[in-house]
Structure formats: structure tokens, C-alpha cells
Protein chains: 2
Amino acid sequence: MGRPMRVINKIRSLRFAADEMTQAELADRVKVTRQTIIAIEQGRYSPSLEMAFQIAKVFRVPLDEVFQYPDEDA
Amino acid sequence: MGRPMRVINKIRSLRFAADEMTQAELADRVKVTRQTIIAIEQGRYSPSLEMAFQIAKVFRVPLDEVFQYPDEDA
DNA sequence: ACTATATGTCAAAGAAACCTTACATTAGAG
DNA sequence: CTCTAATGTAAGGTTTCTTTGACATATAGT
């Protein structure tokens with residue numbers, strides 16, 4: 001049962017869609033470190049709610065287009 | 001400059017709208033402690049992204065109807 | 001070959017979120 | 001008034017997120 005149950009994200013594809021924005025630039029715009037972007041993008045942990053909102057804002061999409069909560073059931 | 005810049009939420013009104021659900025019951029459903037619900041509801045800190053998704057799910061509304069990111073502007 | 005850019009790993013430390021326990025206050029029911 | 005349910009406060013401890021800094025790898029350009 002219970003695996004980590006973390007939110008998944010589409011940051012990587014959104015970055016490429018956004019003129020191949022680099023991790024460093026995204027980090028810059030969101031005002032976190034590059035390490036943090038890497039970790040989030042790889043799903044090693046979930047971002048804070050604030051950070052999630054800021055990332056969505058950078059890509060100009062709603063939050064739930066970047067982050068999805070897996071249906072827990074199963 | 002930089003005030004806390006935290007996300008605001010509508011948990012309290014959503015609780016009352018949802019047949020006056022208590023903090024204890026919400027905590028139960030989201031599987032956190034009552035203290036945590038109190039702190040979030042009062043805006044003392046923001047929830048994790050997972051918790052934000054779960055709360056929205058309990059109320060059957062999209063996440064951004066529970067939590068809003070203040071326009072940083074200025 | 002050398003340099004720069006982009007991505008990635010690791011470790012240690014700090015900050016923020018969450019838990020546990022205990023107690024205080026208020027309002028309503030009996 | 002007494003009892004209970006709902007909300008709130010506070011302290012101390014654990015977990016998770018974020019930062020800092022140092023280094024590794026791969027690719028593209030000169």
C-alpha cells in the first residue's frame with residue numbers, strides 16, 4: 001500500500017513548450033534555487049503551495065495543469 | 001517589502017456551506033490533526049500541495065476555489 | 001582540445017510544515 | 001448550573017521542503 005502518494009507534474013514538458021526555458025531560468029523566475037527545480041521536476045518531493053502557484057503563473061496556465069493529484073483509491 | 005506572501009483560503013466558509021462540517025471532521029477526512037486545520041484555516045502557514053488537493057476534494061471543488069494566490073504586483 | 005551551457009548528484013544545514021499533548025474559552029443542551 | 005462539543009493557544013519534537021556549495025557528465029561551439 002501507501003507509496004509516497006505525491007503529486008505529479010508536467011514541468012519538464014511545459015519548459016520545453018515555453019521556448020525551451022532552462023531549469024536555471026525557471027528557478028530564477030520562481031525565485032528558488034536550481035536544486036529545488038530539479039528535485040520538484042523529478043518528483044523527489046512536492047513543492048509548497050506558493051511555489052506551485054508561482055510555477056503555474058510562469059507558464060501562464062492554471063495550477064492543476066501543472067500538478068495533478070493521483071486518484072488515491074486503488 | 002515582502003510580507004509573508006501566503007496563499008489565502010476559503011476553508012471556513014466552505015465548511016459552513018458543507019452542512020457546518022467541523023474542523024475535527026475535516027481533519028479526519030484529510031487525515032491530518034485538528035491543529036493543522038486550525039493553523040491552515042487561520043493562515044498561520046500554508047498547507048502542502050497534497051493537503052491542498054485533499055481539502056479541495058473533500059469539498060468537491062477545484063483547488064483554486066479553496067486557495068488563492070494574492071497578486072504579488074507591487 | 002578547450003570552453004561554456006545545461007543537467008544531474010551528494011551532503012549538510014536551515015526553515016517551514018505537521019504532530020502530540022495538554023489546557024483554556026465559548027456556546028448550546030439538559 | 002453542569003456537561004459536552006467546537007474552537008483556540010502553547011510548547012517541544014519529527015518530517016519535509018529549501019538552500020548552499022562542491023563536483024560530475026554530456027553536448028554544442030570555437
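This is a predicted model, so every value here is computed, not measured. Lettering follows sequence order; numbering is per chain, from 1.
- A close approach under 4.0 Å does occur between a side-chain nitrogen or oxygen of B:Arg12 and OP1 or OP2 of D:dG8.
- What separates CZ of B:Arg6 from P of C:dA15 is a distance of 15 Å, to the nearest Å.
- Phosphate proximity of D:dT16 to B:Ser48: absent, as no side-chain N or O sits under 4.0 Å from OP1 or OP2.
- Checking D:dG8, C:dG8, D:dT20 against every side-chain atom of A:Ile38, the shortest atom distance belongs to C:dG8.
- Regarding contacts with the backbone of C:dT9, every side-chain N or O of A:Arg34 stays at 4.0 angstrom or more from both OP1 and OP2.
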For B:Gln68 and B:Lys10, run side-chain hydrogen bond (donor to acceptor under 3.5 Å, both in side chains): C-alpha distance rounded to whole Å, both residues' side-chain angles, the deciding distance at 0.1 Å, then the answer. CA-CA 9 Å; B:Gln68 283 106 29; B:Lys10 301 209 181 319; 3.3 Å; yes
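- The phosphate of C:dA17 has OP1 or OP2 within less than 4.0 Å of a side-chain N or O from B:Ser46.
- As a whole-Å value, the separation of B:Glu41 CD from D:dA6 C1' is 11 Å.
- When distances are taken from the side chain of A:Gln42 to each of D:dT7, D:dT19, C:dG8, the shortest belongs to C:dG8.
- Remark: P of C:dT5 and CE of A:Met21 are 18 Å apart, rounded to the nearest angstrom.
- When rounded to the nearest whole Å, the span between CD of B:Gln23 and P of C:dA27 equals 15 Å.
- The residue B:Ile37 sits apart from the nucleic acid: no heavy atom pair falls under 4.0 Å.
- Of the possible donor and acceptor atoms, one in the side chain of B:Arg6 sits under 3.5 Å from a partner among the backbone N and O of B:Gly43.
- The base of D:dT9 lies close enough to the side chain of B:Gln35 for a donor and an acceptor atom to sit less than 3.5 Å apart.
- Within 4.0 Å (heavy atoms only), A:Arg44 reaches no atom of the nucleic acid at all.
- Minimum atom distance to the side chain of A:Tyr45 is reached by D:dT18, of the listed C:dC18, D:dG8, D:dT18.
- Interatomic distance, B:Leu14 CG to B:Met21 CE, rounded to the nearest 0.5 Å: 9.5 Å.
- By the 4.0 Å N-to-carboxylate-O rule, A:Glu25 lies too far from A:Arg15 to be salt-bridged with it.
- One can place CE of A:Met51 at 15 Å from P of C:dA16, the figure rounded to the nearest angstrom.
- For the pair B:Leu49 CG and D:dT18 P, the computed distance is 10 Å after rounding to whole Å.
- B:Lys31 has its NZ atom 16 Å from the C1' atom of C:dC19, to the nearest Å.
- Atom-to-atom distance recorded for A:Ile8:CD1 and A:Ser46:OG is 11.0 Å, nearest 0.5 angstrom.
- Residue A:Thr36 is in base contact, counting any heavy-atom pair closer than 4.0 Å across all strands shown.
- The CZ-P distance, from A:Arg15 to C:dA6, rounds to 10 Å in whole Å.
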